[in-house]
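Quick note: numbers below take in every heavy atom, side chains included, and nothing from hydrogens, waters or symmetry partners. Naming: A, B, ... by sequence-line order, numbering from 1 per chain.
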There are 2 protein chains.
Amino acid sequence: MLAHARSIHSQIGLLVEEMQLEIGPRRQGLQLFLQRLSLRSDLNGEEREALLALPGQPQRVEAHRDIVGLGDDVDHACLVLDGLVGRFAQLSDGRRQTIGLHSPGDMADLYSLMMPKAPSALHALTKATVLRIPHAALRKLTARYPAVGAAFWRDCVVDGNVMGQWLLNVGRREARGRLAHLICELAVRISRSERPSERSYPIRITQEQLADALGLTSVHVNRTLKALREEGLASLAKGQVHIEDWDALAAAAEFDPSYLGLPESRVATPALSVQGS
Amino acid sequence: MLAHARSIHSQIGLLVEEMQLEIGPRRQGLQLFLQRLSLRSDLNGEEREALLALPGQPQRVEAHRDIVGLGDDVDHACLVLDGLVGRFAQLSDGRRQTIGLHSPGDMADLYSLMMPKAPSALHALTKATVLRIPHAALRKLTARYPAVGAAFWRDCVVDGNVMGQWLLNVGRREARGRLAHLICELAVRISRSERPSERSYPIRITQEQLADALGLTSVHVNRTLKALREEGLASLAKGQVHIEDWDALAAAAEFDPSYLGLPESRVATPALSVQGS
DNA sequence: CGAAACGTTGACGCACGTCAATGATAGTGG
DNA sequence: CCACTATCATTGACGTGCGTCAACGTTTCG
């Protein structure tokens with residue numbers, strides 16, 4: 001029926017598609033994104049409503065496919081609705097380095113608003129769905145609601161903080177500490193709490209993908225995972241991370257979540273009202 | 001609104017200090033900063049004037065001293081007027097990783113506007129002078145001139161791009177490529193041109209500081225510098241980098257300056273192939 | 001049920017770290 | 001301007017964490 005409608009009239013086909021698989025996910029994704037922003041920025045009712053009214057086109061992406069290619073000139077940002085999405089930098093021989101990981105609710109390339117020519121590729125690590133939100137709509141929003149602009153800006157800054165920690169990770173920690181740190185960070189980011197209450201979280205990531213994020217090889221990630229498992233710190237199996245001993249894991253990682261800017265470690269709320277005037 | 005007695009007092013103190021320490025440095029530093037912003041953002045006359053009228057207190061810092069400590073809650077951003085400034089993350093055993101290098105004209109911690117609790121330390125690599133610009137003044141500026149806010153935001157995004165490249169550097173390149181890449185990047189950033197015309201540039205950085213930026217040890221940086229020198233690519237001596245063969249150096253680094261978002265590559269479109277696997 | 005992707009493990013090599021000694025430079029005070 | 005001294009650069013010998021290669025077991029999914 002869907003195919004039939006599309007073959008008759010593509011515009012109507014799009015509308016049908018929207019009604020069937022778009023309206024729910026879109027709103028839900030925006031709500032997750034709003035929730036994420038609200039962890040670090042205060043938005044009033046009008047601003048929240050305007051944000052939730054953002055337009056966007058959902059796009060399904062197969063695993064191991066680029067969502068945005070290196071150097072592409074984009075006119076939209078990608079909000080992750082489902083799956084795991086990574087940002088990649090790579091060398092000519094194919095070796096690559098993940099410079100960011102994004103789960104549902106993250107706007108994976110919000111920075112593209114300020115730099116439309118992608119400096120890194122956006123890649124689906126698993127089968128994924130992203131909501132493509134036009135830059136024009138985002139610009140209109142930030143122009144009308146400066147507090148939303150500030151929230152976006154702050155989001156980019158937090159992404160930068162994460163990269164800084166990854167640099168420390170890759171540059172100065174040994175494999176064990178690197179892996180432990182990433183496991184801790186993802187626990188916090190996915191649970192959205194500095195001290196995750198759950199002892200496990202879902203993440204469908206392969207050891208090779210972990211290796212790309214950690215500046216290691218998959219073989220060494222495998223050995224290091226084994227070590228963490230045998231020490232009783234944490235384990236990864238069947239798309240689930242299990243944390244056996246949070247304190248020991250955080251200690252091995254020298255993990256301090258304050259760089260994520262969550263409410264628990266936020267100090268004074270900077271005067272957003274100044275921006276809004 | 002923010003005109004407590006304290007801020008009035010500090011404004012007066014500021015004026016006195018300016019008259020004592022020559023009025024030049026502040027204006028000159030802001031001009032360099034404006035020039036840097038203008039490479040990537042368009043600002044009109046009024047916006048430029050307002051930016052140049054920013055208040056700020058110059059501060060001299062001895063070499064090897066923190067300008068902002070890790071975790072400090074700051075109410076100002078630091079514009080580098082003179083010297084070399086770095087951002088550091090570090091481990092408990094003292095090993096550290098530089099996550100950013102800043103020369104005169106760079107606002108080293110502009111992101112602090114959006115995250116006042118410093119996620120990394122700001123450190124003077126050489127004797128340095130920074131201009132401390134109150135957040136309140138910057139917020140007032142961005143509230144009145146959204147284009148300036150966008151320029152600031154874009155600046156933060158470029159800093160993020162640089163960190164992404166550093167991650168690739170540290171995670172996936174060997175020592176030779178890392179060093180070559182950093183030498184190329186600094187050449188471009190200091191000359192502010194994607195294809196620097198000068199064959200050398202001044203930078204007072206020690207091999208140990210290079211090592212901190214590259215995730216290496218000073219001993220290995222020394223060996224790698226020797227290799228680059230003997231290959232006739234580049235050399236570092238007496239606070240000067242000499243580039244003997246730009247093409248060979250850029251090739252060794254796989255250096256592509258487009259991530260720096262300079263005007264030259266806002267036009268050109270190098271279509272790099274992207275691999276999916 | 002079959003094939004492709006992913007995980008696991010061992011043997012071995014190498015890039016880079018560590019340790020340590022010595023030479024070169026630069027900043028400081030007399 | 002010279003001694004004095006701390007910092008920085010250089011080099012060799014040697015250790016090690018991680019990469020490479022290769023084989024095989026396991027899971028996933030069409």
task = Could you check A/Arg172 against A/Gln207 and say which one's nearest nucleotide on DNA chain C is further toward the 5' end?
result = A/Gln207
key: side-chain contact (heavy atoms from CB on, under 4.5 Å) partner of A/Val85, chosen from A/Leu79, A/Leu125, A/Ile67   = A/Ile67
Distance, rounded to the nearest Å, where B/Glu208 contributes CD and C/dT18 contributes P = 12 Å
query = Could A/Arg189 and A/Glu185 be called an ion pair, given the rule that one side-chain N must be under 4.0 Å from one carboxylate O?
reply = yes
ask   = Mind checking which nucleotides bracket the chain B contacts on DNA chain D, 5' to 3', with an atom under 4.0 Å from a heavy atom?
value = D/dC8 to D/dA13
task = Verify the contact: side-chain N or O of B/Thr217 to OP1 or OP2 of C/dG17, cut-off strictly under 4.0 Å; return yes or no.
result = yes
message = Both B/Ser218 and B/Arg223 contact DNA chain D. Taking the nearest nucleotide for each, which residue is further toward the 5' end?
response = B/Ser218
query = Nearest-Å distance, NZ (A/Lys238) to P (C/dT8)?
reply = 11 Å
ask   = What is the nucleic acid contact for B/Arg204, judged by heavy atoms within less than 4.0 Å: base, sugar-phosphate only, or nothing?
value = sugar-phosphate
Separation of C/dC16 P from B/Leu225 CG (nearest whole Å) = 14 Å
inquiry  = Categorize B/Leu216 for me: base, sugar-phosphate, or nothing, with a 4.0 angstrom heavy-atom threshold over every strand shown.
reply    = sugar-phosphate
Separation of atom CG in B/Asn169 from atom C1' in C/dA15, rounded to whole Å = 16 Å
task = Just call it for B/Arg173: base, sugar-phosphate, or nothing, with non-hydrogen atoms closer than 4.0 Å on any strand.
result = nothing
ask   = Does a side chain donor of either B/Arg132 or B/Gln57 reach within less than 3.5 Å of an acceptor in the other side chain?
value = no
inquiry  = Tell me whether A/Asp93 contacts the main-chain N or O of A/Arg95 through its side chain, where contact means a donor paired with an acceptor under 3.5 Å.
reply    = yes
key: Between P of C/dT8 and CD of A/Glu230, the distance in whole Å   = 11 Å
message = On DNA chain C, compare the nucleotides closest to B/Thr224 and A/Asn222; which residue's is nearer the 5' end?
response = A/Asn222
remark   = To the nearest angstrom, the CD-P distance between A/Glu62 and C/dA5 comes to 14 Å
task = Hey, could you give me each pair passing salt bridge (charged side-chain N to carboxylate O under 4.0 Å, His left out) that has a residue in residues 232-246 of chain A? Not counting sequence neighbours.
result = A/Arg199-A/Glu244
query = For the residue pair A/Tyr259 and A/His181, does the interplanar ring angle fall in the parallel (under 30°), tilted (30 to 60°) or perpendicular (over 60°) class?
reply = parallel
ask   = What is the distance from CZ of B/Arg178 to P of C/dA15, rounded to the nearest Å?
value = 13 Å
request  = For B/Gly215, answer base if it contacts any base atom (sugar-phosphate contacts may also be present), sugar-phosphate if it contacts only those atoms, and nothing otherwise; contact means non-hydrogen atoms under 4.0 Å.
outcome  = sugar-phosphate
key: Selection from C/dC16, C/dG10, C/dA20 that lies nearest to any side-chain heavy atom of A/Val219   = C/dG10
task = Could you list all the side chain to side chain donor-acceptor pair (under 3.5 Å) pairs where at least one residue sits in residues 215-236 of chain A, not counting sequence neighbours?
result = A/Arg176-A/Glu231, A/Gln207-A/Asn222
request  = Please state how far atom CZ in B/Arg176 lies from atom P in C/dC14, giving the value in whole angstrom units.
outcome  = 18 Å
